[in-house]
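Right, one structure below, let's go through it.
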Amino acid sequence: MLDLTYDAPAPKVIAGATSDWELVIGLEVHAQVATKAKLFSGASTQFGAEPNSNVAFVDAGMPGMLPVINEGCVALAVKTGLGLNAQINLNSAFDRKNYFYPDLPQGYQISQLYHPIVGEGEVLVEMGDGTARKVRIERIHLEQDAGKSIHDMDPNMSFVDLNRTGVALMEIVSRPDIRGPEEAAAYVVKLRQILRYLGTCDGNMQNGNLRADVNVSVCKPGAYEKYQETQDFSHLGTRCEIKNMNSMRFIQLAIDYEARRQIALIEDGKEVVQETRLYDPDKNETRSMRSKEEAHDYRYFPDPDLLPLEIEQAWVNDIKSALPELPDAKKARFISDFGLSDYDASVLTAEVANAIYFENVADGSDGKLAANWVINELFGRLKKDGDKGIEDSPVSAAQLGQIIGLIKSDVISGKIAKDVFEICYTTGRDPAEIVETEGMKQVTDTGAIEAAVDEIIAANPAQVEKAKANPKLAGWFVGQVMKATGGKANPAAVNKIVTAKLGL
């Protein structure tokens, strides 16, 4: 973790009928491991395949089928732990979590309760207002995903698709360090960003590859500080878990609704029951799903088909040595090396593809100018063109870098550059070729500019007198000269000559 100092954001406070209440939030984020095969079988993890086509015998719970650990899943879990500055446990073990569900063919889920592969870590979540929340990671464990029940294909029957069954998940469990809905969403955004930089999860929430279970409770002001001092959970309220959240907006809405529901119960003299709830975005409400099970209700026991997982420190060190530059470090470097603002650096490092594109544009060029063109011109144009991503940009980094080079060498002005960019965007033509064939080179001949200025001054004596009385009106002459030269005159040269000719 970088040695950065931030003020923590104030906790979210909700005014109840009798007193104020603060929110306490912890998240369990399920991230699909970015491997082509499942955790304990060689079946494909491809999304969108025909139902029940990516299912091995072990996934289907066939008798006598034994799980075999996928080393690639273990490597990516370790890589994720290292990326979150977490403790890597060289010895871990798998347990059976026993419960019945139609899309769980084995009748149990293989998970890690007692000995997870990754221990304590942390994530720094910046809130965009100069504050940041350091969220502690309690653990990351590997487990199988379940299948998918489908209820809307027939009015009388439900169907089961087992394609996801056995897909490897990393369950990333945070401490209850988050204090508001916006913080919760920002935490998921930051976690997804890190996972994408690491390449351990694609973070696709629409496909269910990243989803969050959100634990929400409320407490009186001051109670949370007592919990922090003692780590005694009795100072906090009873929590409820909201399952399978896959939208930043819905995460915030669900937390706000659930907190207000709990406050209303407490102030009405009733108890908050620990339970699992679902969020209904159409009604903007949470509803009870089932009472919250404790660990003993699942009858956990060590999986007899899997030996304890032992990994070597040298292997972990090799993974660590190959870690990519992570978002916080890249952002700090962009600020330091290119002189970017905190905001611009944040925008450019939000996605790893954006950061790579920007660095290619800025290579050997003006970093600030490159940032301005990437953020304002390119990102703006991509958004206008159907909210495209950088990977869909018809303007390559080399082409945009060439446009910036033409500006810096005074071949074209910033205004002409926008026209060049548009032609390049729509046709894919080379910027230098566009400038040459379209006659878009900037006029830098001071003699030609001076002649144009003289002509404008001679034709507008009244405006000359006004400009001498009010120098701000000299801009009118600059505009007229630029118009007369088709926007090709060097603006700096025009300004200098106009000022001199008017005696200002």
If only atom types and distance count, is the side chain of Lys79 paired as donor or acceptor with the main-chain N or O of Leu198 below 3.5 Å? yes
Under 6.0 Å from the NZ atom of Lys320, do we count more than 12 heavy atoms belonging to anything else shown? no
Among Val352, Leu400, Leu348, whose side chain to side chain contact (heavy atoms under 4.5 Å, CB included) with Tyr357 holds? Leu400
State whether the side chain of Gln109 and the backbone N or O of Leu104 hold a donor-acceptor pair below 3.5 Å, judged by distance alone. no
Asp387 CG to Phe379 CZ distance, which is reported to the nearest 0.5 Å: 11.5 Å
Within the supplied structure, the quantity of interest is the number of heavy atoms (other residues, nucleotides, ligands) at a distance under 6.0 Å from Lys388 NZ; does it exceed 12? yes
Tyr425 and Asp385: side-chain hydrogen bond (donor to acceptor under 3.5 Å, both in side chains), yes or no, with the steps? CA-CA 11 Å; Tyr425 187 96; Asp385 201 19; 3.0 Å; yes
Identify which one of Glu241, Glu285, Glu258 satisfies the side chain to side chain donor-acceptor pair (under 3.5 Å) criterion when paired with Arg277. Glu258
Check whether more than 12 heavy atoms from other residues, nucleotides or ligands sit under 6.0 Å from atom CD of Glu391, and answer yes or no. yes
CG on Asp103 to OG on Ser158, rounded to 0.5 Å: 10.5 Å
Measure from the side-chain N and O atoms of Asn52 to the backbone N and O of Leu162, and report whether any donor-acceptor pair falls under 3.5 Å. yes
List the steps, then state whether salt bridge (charged side-chain N to carboxylate O under 4.0 Å, His left out) holds for Glu359 with Lys330. CA-CA 11 Å; Glu359 285 208 82; Lys330 191 177 289 291; 3.6 Å; yes
Atom CD in Glu143, atom CZ in Phe94: separation rounded to 0.5 Å? 10.0 Å
Within the side chain of Gln402, is there an N or O that forms a donor-acceptor pair under 3.5 Å with the backbone of Ala432? yes
Start with the C-alpha gap between Asp342 and Lys331, add the side-chain angles, then the distance that decides, and say whether salt bridge (charged side-chain N to carboxylate O under 4.0 Å, His left out) holds. CA-CA 8 Å; Asp342 186 278; Lys331 176 184 170 182; 3.1 Å; yes
Heavy-atom check, side chain of Tyr187 versus side chain of Arg133, under 4.5 Å: no
Pair Lys12, Glu183 - check salt bridge (charged side-chain N to carboxylate O under 4.0 Å, His left out), show working. CA-CA 9 Å; Lys12 170 80 171 182; Glu183 284 184 37; over 6 Å; no
Kindly say whether Arg164 contributes a backbone atom to a donor-acceptor pair with the side chain of Asp145 at under 3.5 angstrom? no
Looking at CG of Asp419 and CD of Glu438, how far apart are the two atoms once the value is rounded to the nearest 0.5 Å? 10.5 Å
Testing Val214, Ile255, Ile242 one by one against Tyr279 for a side chain to side chain contact (heavy atoms under 4.5 Å, CB included), which residue passes? Ile242
I would like to know whether Ser247 and Met205 meet side-chain contact (heavy atoms from CB on, under 4.5 Å); could you show each step before the answer? CA-CA 7 Å; Ser247 157; Met205 300 183 80; 5.9 Å; no
Indicate yes or no: at least one non-hydrogen side-chain atom of Leu23 is less than 4.5 angstrom from one of Asp256. no
side-chain contact (heavy atoms from CB on, under 4.5 Å) assessment of Val118 paired with Ile88: CA-CA 5 Å; Val118 178; Ile88 306 301; 4.1 Å; yes
Is the number of heavy atoms from other residues, nucleotides or ligands within 6.0 Å of CD (Glu422) greater than 12? yes
Examine distances only and state if a side-chain atom of Asn204 and a backbone atom of Asn207 form a donor-acceptor pair shorter than 3.5 Å. yes
Rounded distance [0.5 Å steps], CG in Asn372 versus CD in Glu377: 7.0 Å
Quick check: do Lys190 and Asp328 have side-chain heavy atoms less than 4.5 Å from each other? yes
Donor-acceptor contact present, side-chain Ser174 to main-chain Leu27, <3.5 Å: yes
Does the Ser321 side chain pair with the main chain of Asp318, one donor and one acceptor, at a distance under 3.5 Å? yes
Measure the spacing between CD of Glu436 and CG of Asp430 and express it to the nearest 0.5 Å. 11.0 Å
Where the side chain of Ser409 meets the backbone of Gly405, is there a donor-acceptor pair that is under 3.5 Å apart? yes
Asp161 (side chain) donor-acceptor with Gly147 (main chain) under 3.5 angstrom: no
Side-chain contact, heavy-atom cut-off 4.5 Å: Gln206 with Asn246? no
Between Trp373 and Val361, is any pair of side-chain heavy atoms under 4.5 Å apart? no
Arg179 to Tyr224, cation-pi by 6.0 Å centre distance and 45° axis angle: yes
